[in-house]
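Just the heavy atoms: all of them, side chains too, but no hydrogens, waters or symmetry mates, feed the values below.
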Amino acid sequence: MEEIRNFVDEMITWAGVTGDFVPMLRHILLTITAILLAMLSDFLCRKILVPLISKITDKTDITWDDVLLNKKVLTSACHIVPAVVIWSLMPLIYLEYPIFKEILERATGIYIVVMSVRTALVFIGSFKGLEDSQERRSSTQQYFHTFCGVLRILMLFVAAVVVVAILLDKNPMTLFAGLGATSAVLMLVFKDTISGLVAGVRLTSNDMLHKGDWITVKSVDANGIVEDISLTTVKVRNFDNTIVTISPINLVNGSFQNWIGMQKSGGRRVKRVVYFDFRSVRLVDETLKRNLLARHFATEDSFKLKESLQKAIDKDIQEGKDIEDLKNPAALAPTNLQLYRKFMEKYLRQRPEVNTDLTLMVRHMEATQCGLPIEFYFFIKDKVWVNYEHILADIMEHAYALANEFGLKIYEQYPEQ
């Protein structure tokens with residue numbers, strides 16, 4: 001640094017300048033020299049160092065260095081270098097003007113702090129580029145994402161304290177120590193922000209929500225995919241492409257439905273109830289039997305007694321018990337609803353879209369005044385909404401149509417005229 005000052009003095013002497021103009025000319029030349037050196041350092045960083053680092057990261061096989069050391073981060077870091085050059089040359093230039101030197105040093109220090117924090121924020125923000133190719137964040141990634149949000153707030157807070165300390169010419173640690181007395185006021189002012197921050201951390205740490213999850217929040221009419229989770233908001237894109245922003249506090253204190261379990265499972269559940277008219281439930285007669293056999297909706301085995309029941313009857317006969325009612329063939333005949341339930345379970349198991357490894361049944365529910373409810377409970381392999389609805393409609397339409405083949409009538413309540 002001293003060499004620069006000596007060089008400038010030699011140039012002034014060589015130019016033959018003497019008298020009162022020497023100090024003024026010296027400061028002008030030193031200021032111009034500092035500006036030129038700062039511009040040169042900025043040029044070297046942006047035109048040589050940044051392209052060099054970019055070429056090195058492009059040649060590596062790993063991808064994280066391309067994201068974290070991207071051009072935006074490097075360019076932001078280059079803006080700090082000229083300020084550092086000015087800062088280092090300041091005592092040399094304005095040695096004889098301490099007041100002016102102090103003002104410029106504070107201004108340069110504030111600039112360095114602001115640009116350093118900006119670079120750090122850009123660097124932290126570049127971590128998001130590592131997740132852009134993924135539709136859903138893992139719990140570790142989401143926790144790290146939340147941690148980055150907390151880190152941004154802390155960095156901005158620390159930077160603000162340091163800037164104030166520079167303006168007041170105080171030790172930053174002294175200001176940090178004095179904040180304890182105003183913490184209650186700060187907590188009152190930023191109560192919503194702090195509550196949202198805590199709620200966001202709870203969502204992440206408890207593995208309740210991730211980017212890419214399908215959630216339903218009835219209180220705010222949200223039903224769609226989580227696009228982003230920040231410290232204070234959760235952004236959800238509904239299936240009609242509207243965007244809903246929800247506070248993490250509402251999700252933590254209220255309730256929401258996360259469909260990730262269904263998305264990870266082997267199928268999406270179907271739970272449909274069909275009401276049948278009680279008057280249509282009857283024993284199978286010969287006419288219905290012939291029709292069912294002709295249409296291959298039932299087999300001869302369907303009309304035979306189960307082996308266990310037949311053995312029980314034979315045992316009662318040997319013991320001389322009164323089985324007068326069982327001697328009537330009609331008393332042991334199957335019902336049309338029984339055959340229908342068995343056929344529909346077989347039909348569902350033969351559908352390639354139905355996951356037979358999961359629960360599958362057609363069952364009775366408690367009778368109501370609107371008829372006998374029969375529930376169809378099974379899982380469809382394709383979980384994509386549109387495909388799921390089409391497959392479900394196709395299956396249930398067959399269930400409605402086949403009921404008539406078994407002599408069953410679906411209950412209908414006609415509107416009052």
Side-chain angles (χ1 to χ4, degrees), residues 1-15 17 21-58 65-126 151-152 154-175:
M1 301 299 175
E2 192 64 32
E3 288 79 2
I4 297 176
R5 186 181 181 88
N6 294 333
F7 175 76
V8 170
D9 289 338
E10 291 177 0
M11 292 293 295
I12 294 174
T13 303
W14 177 79
V17 178
F21 291 100
V22 173
M24 182 182 299
L25 184 60
R26 180 188 297 116
H27 282 92
I28 293 174
L29 291 177
L30 287 173
T31 301
I32 295 174
T33 303
I35 294 174
L36 291 176
L37 289 175
M39 294 175 60
L40 178 62
S41 63
D42 181 66
F43 176 82
L44 293 176
C45 287
R46 289 187 295 105
K47 300 300 182 180
I48 297 179
L49 187 60
V50 172
L52 179 62
I53 295 177
S54 299
K55 287 182 180 180
I56 294 175
T57 55
D58 290 340
D65 58 345
D66 298 328
V67 177
L68 301 181
L69 298 177
N70 59 71
K71 187 176 181 180
K72 191 174 182 180
V73 174
L74 296 176
T75 303
S76 180
C78 288
H79 293 323
I80 304 175
V81 178
V84 174
V85 173
I86 296 294
W87 175 274
S88 60
L89 294 178
M90 198 76 67
L92 175 67
I93 301 173
Y94 301 103
L95 181 64
E96 300 174 3
Y97 300 93
I99 297 178
F100 194 55
K101 167 179 167 293
E102 183 177 353
I103 294 174
L104 289 180
E105 279 185 343
R106 292 186 184 184
T108 307
I110 292 174
Y111 177 83
I112 293 174
V113 172
V114 172
M115 293 308 301
S116 298
V117 172
R118 180 178 181 273
T119 302
L121 293 178
V122 173
F123 178 76
I124 294 174
S126 64
L151 189 60
R152 287 192 189 97
L154 290 177
M155 291 183 64
L156 290 173
F157 177 74
V158 172
V161 173
V162 173
V163 168
V164 172
I166 293 175
L167 289 174
L168 300 178
D169 194 20
K170 298 288 185 180
N171 189 337
M173 300 306 298
T174 304
L175 295 182

Smallest separation among heavy atoms of [X] and [Y], with atom names:
{"X": "Val117", "Y": "Ala159", "answer": "CG2-CB, 3.4 Å"}
{"X": "Cys78", "Y": "Cys45", "answer": "SG-CB, 3.2 Å"}
{"X": "Val85", "Y": "Ala38", "answer": "CG1-N, 4.1 Å"}
{"X": "Ala83", "Y": "Ile112", "answer": "CB-CG1, 3.6 Å"}

Between atom CG of Asp42 and atom CG of Leu49, what is the distance when rounded to the nearest 0.5 Å?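 One finds 11.5 Å between CG of Asp42 and CG of Leu49.
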Looking at Arg106, I want to see if its CZ is surrounded by more than 12 non-hydrogen atoms of other residues, nucleotides or ligands under 6.0 Å. yes
Can you check whether Leu156 reaches Leu121 side chain to side chain, under 4.5 Å on heavy atoms? yes
Any donor-acceptor pair under 3.5 Å linking the side chain of Thr119 with the backbone of Ser76?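 Yes, because the side chain of Thr119 sits within donor-acceptor range (under 3.5 Å) of the backbone of Ser76.
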